[in-house]
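The structure appears below as structure tokens.
As the structure is a prediction and not an experimental result, all values here were calculated from the model.
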Amino acid sequence: ATRASWMLQRTISVTKTTVSAARIARKGQQSRSLSSDHHVHHPGCPCSAGRDPVFFNRGMGKVIEAAKKEASRPSFRRRVIRHKTGNVFDPRRSASSVTLGAQDTDYAFEMAASNIRYGRGVTREVGDDLVDLGARNVLVVTDKNLASIPNGPVDVVMDSLNRAKVNFKVYDRVRVEPTDSSFKDAIKFAQSEPFDAYVAVGGGSVIDTCKAANLYASYPADFLAYVNPPIGQGLPPPGPLKPLIAIPTTAGTGSETTGVAIFDYEEMNAKTGIAHRTLKPKLGIVDPDNIRSLPPTVRAASGFDVLCHSLESWTAIPYNMRSPRPTSPMKRPAYQGANPISDFWSLKSLEMCAKWLPIAATDPSNEEARAQMILASTYAGIGFGNAGVHLCHGMSYPVSGLVKNWRPNDYKGVEGPFIPHGYSVVLHAPAVFRFTAPAEPERHLRAAAILGADVSRAKPDDAGRILADALLPIMRKLWVPNGLQELGFTEK
């Protein structure tokens with residue numbers, strides 16, 4: 001397990017200043033500077049395989065002070081255990097062989113994922129699914145860009161519902177990179193009628209917004225009631241939600257497989273979310289035809305999200321090194337740490353990204369590449385949806401939240417400064433894996449080999465550099481900004 005992941009599990013990851021973040025991403029400083037410039041995540045962080053997703057914010061003084069205190073405890077430092085195994089099914093990663101003491105760490109993992117249907121044209125079947133569910137009044141959630149595409153995914157869904165004689169209404173005001181305000185707007189709409197099923201047609205922003213609307217319409221509460229601590233109360237849903245069918249239109253987030261809804265909490269300029277297994281869609285309809293119209297930058301950025309989901313969940317802390325052990329099975333988190341099943345899905349997704357991401361991003365006519373990347377996104381969603389991710393995602397949130405002027409090409413309907421999530425994540429990847437590799441070099445070398453590096457004579461000490469060097473050419477080819485300076489960050 002990576003030392004970074006252990007650190008991520010315990011406290012909050014924030015940069016002391018934007019300068020620290022820029023320095024780390026630009027120069028790839030090693031353990032000493034990274035550990036001094038970064039605190040580590042609260043146990044609730046989605047990037048640490050902790051209990052629930054939390055926020056990333058530069059102004060949380062009390063939380064950060066508590067994090068510093070916790071990180072300085074000898075018991076915390078003893079948990080930074082160095083494992084040296086790269087085998088997917090190594091028994092040391094699949095049995096409770098931890099030296100911390102049996103009562104400190106978990107001993108089991110639980111596999112959970114949405115039902116998945118894959119194939120070109122399967123979106124047309126959604127009406128039959130809703131009839132089978134007994135749905136009589138359905139809310140279709142999407143955004144204005146998708147709703148405006150002639151004969152696009154939204155039109156296909158509406159045609160299917162009409163043919164099946166299913167009553168429905170469309171909510172198309174989803175915001176790219178949703179906020180608490182945009183969530184609340186969708187929730188208000190969902191509460192306006194007794195909808196008995198939901199269909200989300202869009203990328204991660206749409207699917208996450210639909211999850212939140214379903215939750216608060218099913219069990220109305222103060223907005224912060226279900227939001228993860230320390231911002232919210234982190235209360236579990238009182239019962240099952242209405243059935244939700246997710247139809248992704250990007251090959252990136254894997255949200256059709258997860259029980260997490262992420263948003264920006266505007267009051268604190270913080271990234272947080274809601275996480276519980278009951279939020280998982282009942283069915284994910286994965287249709288390669290739905291990503292045919294994506295522009296190049298969107299294909300590239302969403303593909304990098306898939307790539308980092310795969311790499312981070314593959315190098316996440318093993319499930320049997322997580323602490324504290326849950327007091328009951330119902331309290332075992334969705335993000336449990338790397339395990340033999342998540343390893344399988346994460347590695348397979350990584351292999352698919354290595355082969356197909358550059359082609360899918362640069363050649364819109366290649367249907368096979370498009371089909372493979374949306375499938376890879378789902379594979380990675382199953383992997384990280386049960387294991388978690390770590391520093392690449394953790395470091396992306398303050399960057400995306402603090403960007404002032406930069407805007408990408410190809411993103412329509414996005415107001416103000418904006419960096420696509422996949423770019424903000426992969427931007428840190430070379431520096432992150434240089435840092436994490438000493439904790440488990442074999443896993444990093446295996447990932448590097450999948451990305452095309454020659455590791456036949458590699459030494460463990462070279463693992464981080466080799467993986468970083470394998471990532472950089474792909475990043476350059478697919479238009480990733482050249483460090484934080486290009487995004488407008490300065491040392492001031």
Report the residues that fulfil salt bridge (Lys or Arg N to Asp or Glu O under 4.0 Å) with [X], sequence neighbours left out, ordered by chain and then residue number.
X	value
Asp208	Lys211
Arg277	none
Asp289	Arg120, Arg292
Arg407	none

Can you name the nearest heavy-atom pair linking [X] to [Y], along with the distance?
X	Y	result
Ala354	Ile450	CB-O, 3.4 Å
Ile207	Ser255	CG2-OG, 3.4 Å
His276	Pro237	CG-CD, 3.5 Å
Val122	Val286	CG2-O, 3.9 Å
Gly127	Ser160	N-OG, 2.8 Å
Gly203	Thr249	N-OG1, 3.3 Å

Is a salt bridge present between Arg117 and Asp129, judged by a nitrogen-to-oxygen distance below 4.0 Å?
yes
Taking the basic N atoms (NZ, or NE/NH1/NH2) and the acidic carboxylate oxygens, is any pair closer than 4.0 Å for Lys144 and Asp172?
yes
Does a side-chain heavy-atom distance below 4.5 Å link [X] with [Y]?
X	Y	result
Phe195	Asn137	yes
Leu311	Leu471	yes
Leu241	Leu279	yes
Lys282	Ile245	no
Pro236	Met330	no
Leu244	Cys210	yes
Val260	Ile274	no
Ile149	Asp155	no

Side chains of [Y] and [X]: any donor to acceptor distance under 3.5 Å?
X	Y	value
His444	Thr436	yes
Ser424	Ser400	no
Thr315	Glu440	no

Just grab all the ring-ring contact (aromatic ring centres under 6.0 Å, His included) pairs involving residues 224-244, residues at least two apart or on different chains.
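Output for this query lists Tyr216-Tyr226.
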Residue pairs fulfilling ring-ring contact (aromatic ring centres under 6.0 Å, His included) with at least one residue in residues 132-181, sequence neighbours excluded
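As it turns out, the ring-ring contact (aromatic ring centres under 6.0 Å, His included) pairs with a partner in residues 132-181, which skip direct neighbours, are Tyr171-Phe189.
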Donor-acceptor pair, side chain of [X] and main chain of [Y], under 3.5 angstrom:
X	Y	value
Ser349	Tyr379	no
Ser302	Val298	yes
Asp196	Pro194	no
Asn162	Met158	yes
Trp314	Arg443	yes
Asp410	Thr297	yes
Asn386	Ile382	yes
Glu312	His393	yes
Ser310	Val306	yes
Tyr118	Pro288	no

Quickly, which of Lys169, Lys188, Arg136 forms a salt bridge (Lys or Arg N to Asp or Glu O under 4.0 Å) with Glu193? Name it, please.
Lys169
For a side chain to side chain donor-acceptor pair (under 3.5 Å) check, start with the C-alpha distance between Glu256 and Ser114, then their side-chain angles and the critical distance, and finish with the verdict.
CA-CA 7 Å; Glu256 69 275 8; Ser114 305; over 6 Å; no
Evaluate Gln336 against Asp106 for side-chain contact (heavy atoms from CB on, under 4.5 Å), listing each step before the verdict.
CA-CA 9 Å; Gln336 304 159 90; Asp106 207 345; 5.8 Å; no
Just do the side-chain contact (heavy atoms from CB on, under 4.5 Å) check on Val426 and Met475 with the steps written out, would you?
CA-CA 8 Å; Val426 78; Met475 295 168 62; 4.1 Å; yes
Should Thr253 and Thr258 be marked as a side-chain contact (heavy atoms from CB on, under 4.5 Å) after you check the CA-CA gap, both sets of side-chain angles, and the distance that decides it?
CA-CA 9 Å; Thr253 67; Thr258 73; over 6 Å; no
Would Lys184 pass as a cation-pi partner of Phe223, given that its NZ or CZ must be under 6.0 Å from the six-membered ring centre and within 45 degrees of the axis?
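Output yes; distance and angle both within limits.
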